[in-house]
Amino acid sequence: MNDKIIPVKAGEIHTLTIRDLGIHGEGIGSADGFTVFVPGALPGETVKVRILQVKKSYASAQLLEVEEVSADRVTPECPAYKSCGGCQISHMNYEAQAAWKENRVREVVSRLGGFSGDLVLPVKKAAHPFGYRNKMAVPVSQASGGAKIGYYRQGTHQVVPVSGCLIQEEENNRLLRFAAGFLTRHNISGYNEKSRKGTVRHIMGRVGDHGEVMAVIVTASKNLPQEELWVKEIRELLPEVVSVYHNVQDRPGNVILGKTMRLLWGNPALTATLCGLTFEESPYSFFQVNQEQAEVLYNTALEYAELHGGETVIDAYCGTGTISLCLAKKAKKVIGIEIVAPAIEDAKKNAERNGLDNVEFHAADAGKLMPKLYEEGLRPDVIVMDPVRAGCSEEVLQAAAGMAPGKIVYVSCNPATFARDAKILSSLGYRLIKVQPVDMFPQTTHIETVSLLVKE
């Protein structure tokens, strides 16, 4: 399509009917058959928009007016909603959010995987659609009036100052407000990404059992200004904080934590309980940010594995061993495989902490280790996979199918890559039985799934 036959131009006003939501929560409509994305619009609405940007196959537009309002529209409770890019669909009531996510999984499984949408079960909704995040990492930038702390404006790295976040646990919000006041009181600079000047880059908070909090102050500088005062005032004003760390991240880019980490005061780790197991969290540890829904996710995976005590299970992409240890309570033996070596060290400590001696962990590429284990005579009954958003490598899928387990349980944070991988597993002799969406992240477009595949 060339520019001459594109029916819209930047600056034009159009009236559109919204038919669906995009993967980032933006409304999708058409102007003379040409796709237009409209953030803030909902399916079924008639909206007046101004075209902002035109590409070869689509345009983006600003929502000017909702002429016909969806019954699913609500007024977002967060005052920063229009500027912050964190929660894309808080203008939709929670029942509608969950229904849209379920339909999205059904559509992706059908379109990309070639499976029947009837395999997708009703979404498991969150009991608490707000106040569920136990981890916070807020950027700090430098403005003419001093340091700004908040969240990024959607699609940018411009910091929108906020005094709290509705999806965060309140302990993290208290830490955020404290940090904002501390930076102002003591005239400490934020960080400028372009000039690479300034001091504080991020404030990170983690909430563990009993509301205990770990605070991490991330700076671009080697030293933390007012280091003793940070500790003194946190201890006075935030009694729930049990450890204070200083981290140095002096490299450009989006990675929040650097390699230098110092404990300034308190406990080196938090304790968090999940599915009756106890885990220790360090600043670098991965742990599910929605603990309540993580239990729903893991219990679903356990249900699909259908363990009776005599099985051998492989947990590929095991991370710090959370799913592995849940499996170990029900299986004869569990083998966890993860390519990130520090995560495996955490997994071993977690197994020891919980008194589980029927699980072993390997720091290795699952695609290479599983064929080797098979050659050595290992015959797993179940393989569990929980990869990153990019999904499994084809080597892992080939290796998993080559070991011929009776069941493969696939946990995914990306329906599209799951559908792709399930299609490959289908070609390797596995039949998709069911797909269970679990809403881990209300107010956002993200959705997790747990799926069962059985050997034909």
Side-chain angles (χ1 to χ4, degrees), residues 23-24 86 88 101 104-105 108-109 112-113 133-135 137 204 206 253-257 274 279 281-291 293-294 296-298 300-301 304-305 313-327 334-347 350 361-370 382-401 408-425 432 435-441 444-453:
I23 59 172
H24 302 297
Q88 307 101 326
K101 292 182 183 187
R104 181 180 165 232
V105 173
V108 168
V109 164
L112 298 182
R133 283 191 67 93
N134 58 37
K135 182 182 177 183
M204 190 174 97
R206 286 178 175 270
N254 298 325
V255 178
I256 292 172
L257 296 179
L274 188 65
F279 298 87
E281 294 182 72
S282 72
Y284 291 112
S285 296
F286 170 80
F287 197 74
Q288 292 284 2
V289 299
N290 187 337
Q291 224 160 314
Q293 283 298 89
V296 174
L297 188 80
Y298 291 171
T300 303
Y304 287 7
V313 184
I314 287 180
D315 180 13
Y317 306 95
C318 71
T320 56
T322 46
I323 293 182
S324 300
L325 299 185
C326 291
L327 294 163
V334 176
I335 298 166
I337 306 171
E338 170 62 56
I339 201 166
V340 180
I344 286 295
E345 293 308 308
D346 284 343
N350 286 328
F361 293 102
H362 300 268
D365 181 337
K368 294 177 180 176
L369 180 60
M370 285 199 289
V382 181
I383 292 180
V384 177
M385 301 174 174
D386 185 10
V388 295
R389 287 191 65 79
C392 295
S393 70
E394 191 154 350
E395 289 78 12
V396 169
L397 298 173
Q398 294 273 3
I408 294 176
V409 179
Y410 193 126
V411 181
S412 172
C413 59
N414 185 341
T417 54
F418 160 71
R420 177 202 69 199
D421 291 350
K423 188 175 183 179
I424 294 172
L425 288 170
L432 181 61
V435 181
Q436 176 63 71
V438 179
D439 190 12
M440 297 275 285
F441 308 105
T444 79
T445 57
H446 300 296
I447 183 72
E448 302 253 342
T449 58
V450 185
S451 304
L452 173 65
L453 300 102

- Query: What's the spacing between Lys135 NZ and Arg133 CZ if we round to 0.5 Å?
  - Reply: 8.0 Å
- Message: Once rounded to the nearest 0.5 Å, what's the spacing between atom CG of Asn350 and atom OG of Ser285?
- Response: 7.5 Å
With side chains defined as the heavy atoms from C-beta onward, is the minimum distance between [X] and [Y] less than 4.5 Å?
X	Y	result
Ile383	Val313	no
Val396	Met385	yes
Leu274	Gln291	yes
Thr445	Ile23	no

- Taking every heavy atom of Ala399 against every heavy atom of Gly367, the minimum-distance pair comes out as CB-O, 4.0 Å
- Task: Using ring-ring contact (aromatic ring centres under 6.0 Å, His included) as the criterion, list what pairs up with Phe361, not counting sequence neighbours.
- Result: none
- Hits for ring-ring contact (aromatic ring centres under 6.0 Å, His included) against Phe287, two or more places apart or cross-chain, chain-then-number order -> Phe279
- Taking Ile337 as the fixed residue, which of Asp365, Leu369, Ile344 is the one that meets the side-chain contact (heavy atoms from CB on, under 4.5 Å) rule? Leu369
- Which of these passes side-chain contact (heavy atoms from CB on, under 4.5 Å) with Ile408: Val384, Leu425, Leu397? Leu425
Would you please name every residue forming a side chain to side chain donor-acceptor pair (under 3.5 Å) with [X], sequence neighbours left out?
X	result
Ser412	none
Thr300	Lys124
Tyr410	Asp421

- Checking Lys101 side chain against Thr444 main chain: does a donor-acceptor pair fall under 3.5 Å? yes
- Looking at residues at least two apart in the chain, or sitting in another chain, which of them share a salt bridge (charged side-chain N to carboxylate O under 4.0 Å, His left out) with Glu394? none
